[in-house]
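Numbering of ligands and ligand atoms starts at 1, following listing order.
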Amino acid sequence: MICIVILGAAAYFHVDSLESKPRDTGSRVFTRVPSWLYVCLLAIFCIRIGSWASYKTTVAYHPIDMLIYDAQTRHEHYINQTSSSKNVLEAVATYRLRYGRRPPPGFDHWYAYATARNSVVIDDFDSIDRDIRPFFALPPVEVRDRTWALIANPWNDAAGISIRGGQASISPNVVPTHRWMLDGLVEMISKFAEFLPDMDLAFNLNDECRIAVPYEDVESMRAVTLPTTSADTERNEFSQGRAEQWTPIPQEPTSETPLHELSWQRTFYDFGSVGCPKSSPARSDRHWQVGDTCTSCTQPQSLGAFLGNWSLAGNVCHQSDLANMHGIYLSPAAFKASHELYPIFSQSKVHGFNDILYPSAWNYIDKAKYAPPEERPDPSYMDKNTTLFWRGATSEGVSHGMGQWRGMTRQRFVHLANNINGSGAAQPLLIPQAPFVEGRHTHSQLAYSNVPIADLADALSTDVHVVEFIARCGGRDCPQQETEFGPLVAPTDFQDHWQYKFLLDLDGAGFSGRFLPFLQSHSLPFKAGIFREWWDDRVTAWQHFVPLDVRGHGMWATLAYFAGVNGTINGRHVAVGAHLDEGERIAERGRTWANQVLRKEDMEIYFFRLLLEWGRLTDDARDEIGYDVNAG
Ligand SMILES: *[C@@H]1O[C@H](CO)[C@@H](O)[C@H](O)[C@H]1NC(C)=O
Ligand SMILES: *[C@@H]1O[C@H](CO)[C@@H](O)[C@H](O)[C@H]1NC(C)=O
Ligand SMILES: *[C@@H]1O[C@H](CO)[C@@H](O)[C@H](O)[C@H]1NC(C)=O
């Protein structure tokens, strides 16, 4: 209860300060908030509110107001710490401070490239550091050999790209499927290949991620201290003769492989959770009561019924129930993986995997593009249809007759939105109670109630459907899904999305390729997923998009906040206004921010910096080379 009081007080202040200032002062409003409020905000994130299944709690202000407010501060902090370097000398100093080593050779070229393209992000490339850090525990020759082992055998579903003499090319033995991916990669790398050393790279052709080194091993690899170079040995260039150090890719493929195959099988216990400490629930508990909500799994990232912490939501270590909640863990279509640290570049990954993230060619070459046609322009937020919209295939994993589809995120959300057979559990909703009078003041308050989906579906509009046919199924799981999700709808043009206010975004077999175009639009994306991409640090939940728990329990309550409610709820007529301005602000901030930090130029800048790091990491002289400020 203490928590609720603080929450109410803090939210009260928030509302007050917003209303007393003109709208265009924007973020300045927030900097005048007294410091005690920050203490309260912290307190709210550590104190947990009771189980969502039994909300009886009343709150004076809506948790989403709090979350939006908090996101603004986080985002401001993010910008402050990533754009502070104003010249290459400062960028080098910041780099050394952050990452405890010198920048790689060619950093000056990278800096010039990034600033020429007005990159907002200059200093914060923590995600690159997280991904490559463990590889410093391997000698350069080992990293090169492991790259070869991945691309020499086509069964591994890894494609090689070679850089030689400043040119990028596709390895000879690559199978022609996924040609678009490799062509896109070559196009992207060619923009800056002249600055890269000779090297080979292994790219994951599958959507699913590949390398999960157990926590015990990878933590000690991360802890390896990097040798400090003395300034006089330092060279701002890669070693000579690198081309010969990479074993040629054989024309005749090898048949050896370091990978184990677990396609169409459960992967959570062997791979999904091994990146967690042994004592964590993901490794020590098995969550058998699949019908019940695992409250210890949801509470750390929840604020009431809402998703409060996007990074914790992606952390599987406290979420043992995810074993039964996602295609990647239940039955991935393709899963060839290793517990050893093999270097593979992937478009996305889930927690605990050691794949190296890079900007997907899918977005770079516009496989899904935000391009509203002239005759059907993207309407303003206020003019859009107030519906939560999703179209997609059952492609998250393979349901081959064991009923795995019932756990998959996509299927669960379609079920949740459509109240199929009236079989879904009642969902939490936070709605105003009758006002109460205290002295001279009348207080309004909000209370949670559990509401049958039928009531929610009458009061709120969703259009969430599986398209055309049931994909990736076998045995009885095909007809059962057809009955459950039928009638399946015709495919829609991608550009039709923009007529809807709320666009649901769900993981597939890997990341969702639609999220970036969703952000670029005037619509408001609602994202539920555990796959993370290269941009995860730069985009802030509640500032740029609306996050949902993959379990789905906050979906209706979140939609109700933005859309308003007008209908019969538990036998009583409820009419609650929509939070139109809040929704429009997030939609527009996401759009503006995407056009600043998720442009194609930003993908190149990220990739360029990553490949310079990779060049240094695979260089026999990696402890002696680096960008020398004095020489620069
Ligand atoms: C960001 O920097 C500005 C200007 O230096 C400062 O006023 C503000 O408090 C900072 N915001 C955060 C959240 O750190
Ligand atoms: C999420 O939780 C982590 C770990 O407890 C914390 O460091 C971070 O600040 C939290 N983020 C948000 C948005 O509350
Ligand atoms: C809004 O979208 C829903 C779902 O697609 C549709 O049924 C409804 O007719 C649309 N409303 C308007 C005004 O176009």
Side-chain angles (χ1 to χ4, degrees), residues 3 7 10 25-35 37-49 63-64 66-86 120 123-124 126 130 276 280 298-304 306-319 351 376 379 381-391 414 417-418 457-465 467 487 489-493 496-504 523 527 532 536-547 549 559 563 566 578:
C3 178
L7 188 146
T25 56
S27 58
R28 290 296 125 222
V29 166
F30 295 93
T31 60
R32 294 200 202 129
V33 170
S35 55
L37 182 47
Y38 290 97
V39 177
C40 295
L41 282 170
L42 283 176
I44 286 156
F45 284 98
C46 12
I47 301 172
R48 291 155 190 186
I49 301 180
I64 292 182
M66 291 296 307
L67 292 167
I68 292 175
Y69 169 78
D70 182 56
Q72 167 79 27
T73 315
R74 283 174 190 279
H75 172 62
E76 217 182 282
H77 179 257
Y78 172 81
I79 297 183
N80 278 3
Q81 56 88 49
T82 196
S83 326
S84 67
S85 298
K86 300 298 174 226
V120 174
D123 297 320
D124 185 343
D126 291 4
R130 285 196 297 271
C276 297
S280 66
T298 58
Q299 276 175 354
Q301 65 269 20
S302 300
L303 188 61
F306 307 96
L307 182 55
N309 192 320
W310 180 246
S311 30
L312 276 181
N315 182 331
V316 300
C317 297
H318 63 278
Q319 305 186 67
H351 180 89
R376 274 183 304 136
Y381 183 82
M382 300 296 175
D383 291 338
K384 288 173 191 278
N385 185 330
T386 307
T387 292
L388 179 69
F389 185 80
W390 183 82
R391 287 289 181 276
V414 175
N418 290 291
D458 283 344
L460 292 157
S461 169
T462 67
D463 189 347
V464 174
H465 291 287
V467 166
V489 300
T492 41
D493 184 72
D496 288 349
H497 277 96
W498 323 129
Q499 62 188 288
Y500 301 100
K501 265 203 189 79
F502 313 114
L503 300 177
L504 184 59
S523 302
K527 186 172 180 62
R532 298 290 186 260
D536 198 49
D537 289 350
R538 32 184 99 181
V539 177
T540 304
W542 295 112
Q543 172 80 0
H544 304 121
F545 70 97
V546 171
D549 193 292
L559 180 60
N566 193 354

Checklist entry - Per the side chain to side chain donor-acceptor pair (under 3.5 Å) rule, which among Lys384, Lys501, His497 passes with Ser523? => result Lys384
Item to check | Distance filter under 4.0 Å to Tyr500 heavy atoms, resulting ligand 3 atoms | outcome: 2 (O), 5 (O)
Next on the checklist: For Phe306 together with Trp542, are the ring centres under 6.0 Å from each other?
Outcome noted: no
Checklist entry - Against heavy atoms of His77, which atoms of ligand 1 measure under 4.0 Å? => result 13 (C), 14 (O)
Checklist entry - Do any non-hydrogen protein atoms sit less than 4.0 Å from atom 9 (O) of ligand 3? => result no
Checklist outcome for this item: Correct closest heavy-atom pair for Arg74 and Asp70 would be NE-OD2, 2.8 Å
Checklist entry - Counting from 1, what ligand 2 atoms have a heavy atom of Leu312 closer than 4.0 Å? => result 2 (O)
Item to check | Identity and distance of the protein heavy atom lying nearest atom 4 (C) of ligand 3 | outcome: Asp463 OD2, 3.4 Å
Item to check | Shortest non-hydrogen contact from Gln81 toward Asp123 | outcome: O-CB, 3.7 Å
Item to check | Atom indices of ligand 3, in the order listed, that fall short of 4.0 Å to a heavy atom of Thr387 | outcome: 1 (C), 2 (O), 3 (C)
Checklist entry - Between the candidates Leu307, Asn315, Asn309, which shows the shortest non-hydrogen contact distance to atom 2 (O) of ligand 2? => result Asn309
Checklist entry - Would you say Asp70 and ligand 2 have an N/O pair spaced under 3.5 Å apart? => result no
Item to check | Basic-acidic side-chain contact under 4.0 Å: Asp537, Arg130 | outcome: yes
Checklist entry - Nearest protein heavy atom to atom 12 (C) of ligand 3, by residue and atom, and its distance? => result Asn385 ND2, 3.4 Å
Checklist entry - Any N or O of Ser461 that comes nearer than 3.5 Å to an N or O of ligand 3? => result no
Checklist outcome for this item: Counting heavy atoms under 4.0 Å, the part of Gln301 that contacts ligand 2 is neither
Item to check | Atom indices of ligand 1, in the order listed, that fall short of 4.0 Å to a heavy atom of Thr73 | outcome: 13 (C)
Item to check | salt bridge (charged side-chain N to carboxylate O under 4.0 Å, His left out) against Asp458, all qualifying residues, sequence neighbours excluded | outcome: none
Checklist entry - Does the side chain of Gln301 come under 3.5 Å of the side chain of His318 through a donor N or O and an acceptor N or O? => result yes
Next on the checklist: If we count only N and O atoms by modelled type, under 3.5 Å, do the side chains of Ser461 and Asp463 hold a donor and an acceptor together?
Outcome noted: no
Next on the checklist: Strictly distance-based, threshold 3.5 Å: is any side-chain N or O of Gln72 a donor or acceptor partner for the main-chain N or O of Tyr69?
Outcome noted: no
Checklist entry - Would you call Phe389 a ligand 3 contact, heavy-atom distance under 4.0 Å? => result no
